[in-house]
2 protein chains.
Amino acid sequence: MEVGTVITEQQQRAARYAKALGHPVRMYVIELLSKQSCCYSGDISDELPIAKSTLSQHLKELKDAGLIQGEIELPRIKYCLNRENWNEAKLLFKQFFDV
Amino acid sequence: MEVGTVITEQQQRAARYAKALGHPVRMYVIELLSKQSCCYSGDISDELPIAKSTLSQHLKELKDAGLIQGEIELPRIKYCLNRENWNEAKLLFKQFFDV
DNA sequence: CATTTAATTCGTAGATTTACGAACAAAGGT
DNA sequence: ACCTTTGTTCGTAAATCTACGAATTAAATG
């Protein structure tokens, strides 16, 4: 029996988003991006006491989960929420908590 | 500089809940419990194709995160949502997504 | 063409997660 | 007393996560 036959696609997607949000730094980044539309890696790096490379990894995780996207704006990279997926996450969590 | 001086208490708590929800099995369990008030470990074990010990670990994580609580009802254990923390999580995520 | 800037990728180490089966615990039934 | 039922805990292995500094990339600038 496959796990995927019992656990719905929605549950799996919600879990994927939850996992991406499951670290204080990533929660901070997403909340920042949901307030102001975009920001640069350096802006975050200035605020948080972690190595740039560590931040980069967290950003990559958020990107892999589909919650953010980066746009090259040399010499920097502008990060924004991926609105489409953000809305999906929002909906999934709304349904999840309201059931 | 401490991470805790930049990242709010709320963000850290939200991240903690998100992390607990960041696995399909745990998402499934919580959704089950939010629909029907309580259930037994065996009920879940019958549905999901994972070892009982694995399920037990997931339940422990949810318990440690404060999302569920177990009540002994021998020979079984009745698991229910921890309503207080569930409501907190609900609120945190609501605020998080609505910002 | 070398330098500077901004950020990623690489290499690595330690911690945590996920999973399983075997062993164990606790109470009720035989 | 022993067996059954229901779950947990233990031991273990593989995978993933978190973090850092060093090395690298890529384009603009001097």
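Lettering of chains follows the sequences in order, A, B, ..., and the numbering in each one begins at 1.
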Just say parallel, tilted or perpendicular for the rings of A:Trp86 and B:Phe96, cut-offs at 30° and 60°.
perpendicular
When rounded to whole Å, the CG to P distance for the pair B:Leu48 and C:dT18 reads 15 Å
- Message: Mind checking if B:Leu55 touches a base, just sugar-phosphate, or nothing, with heavy atoms under 4.0 Å?
- Response: nothing
Practice item. Indicate yes or no: at least one non-hydrogen side-chain atom of B:Leu48 is less than 4.5 angstrom from one of A:Val6. Key: yes
Side-chain atoms of A:Ser41 come closest, of C:dC20, C:dT8, D:dG7, to C:dT8
Check: Going by atom types only, do A:Tyr40 and A:Glu73 share a side-chain donor-acceptor pair under 3.5 Å?
Finding: yes
request  = Look at the rings of B:Phe93 and A:Phe93 and say which category their plane angle falls in: under 30° parallel, 30 to 60° tilted, over 60° perpendicular.
outcome  = parallel
- Quick one: does B:Asn85's side chain have a donor or acceptor within less than 3.5 Å of a partner on B:Leu67's backbone? no
Taken to the nearest whole Å, CD1/A:Ile77 to P/D:dT25 is 15 Å
Taking A:Asp43 for its side chain and A:Cys39 for its backbone only, find out whether a donor-acceptor pair lies under 3.5 Å. no
- [ ] State, yes or no, whether a side-chain contact exists between A:His58 and A:Val29 at a heavy-atom distance under 4.5 Å.
- [x] no
* Asked: With a 3.5 Å cut-off and no angle check, do the side chains of B:Tyr79 and B:Glu71 form a donor-acceptor pair?
  -> no
#### Entry: Expected output: side-chain A:Glu31 to main-chain A:Tyr28 donor-acceptor under 3.5 Å
no
From CD1 of B:Ile44 across to P of D:dT6 the rounded distance in Å is 14 Å
Atom CD1 of B:Ile50 and atom C1' of C:dC20 are separated, to the nearest Å, by 11 Å
| request: Using a 4.5 Å cut-off on heavy atoms from C-beta on, say whether the side chain of B:Leu92 contacts that of B:Arg13. | output: yes
Per-nt protein contacts along nucleotides 22-30 of chain C (heavy atom under 4.0 Å; B base, S backbone sugar-phosphate only, - none) come out as B----S---
Q) Under 4.0 angstrom, heavy atoms only, what part of the nucleic acid is B:Thr54 near: base, sugar-phosphate, or nothing? A) base
Whole-Å distance, B:Arg76 CZ to D:dT5 C1', equals 10 Å
Contact check, residues 56-73 of chain B vs DNA chain D, heavy-atom distance under 4.0 Å, returns B:Ser56
Separation of C:dA7 atom P from A:Lys52 atom NZ, nearest Å, is 7 Å
Take atom CD of A:Glu88 as the centre, draw a 6.0 Å sphere, and report whether it contains more than 12 heavy atoms from other residues, nucleotides or ligands. yes
Per the under-4.0 Å heavy-atom filter, residues of residues 16-36 of chain B near DNA chain C come out as B:Lys19, B:His23, B:Arg26
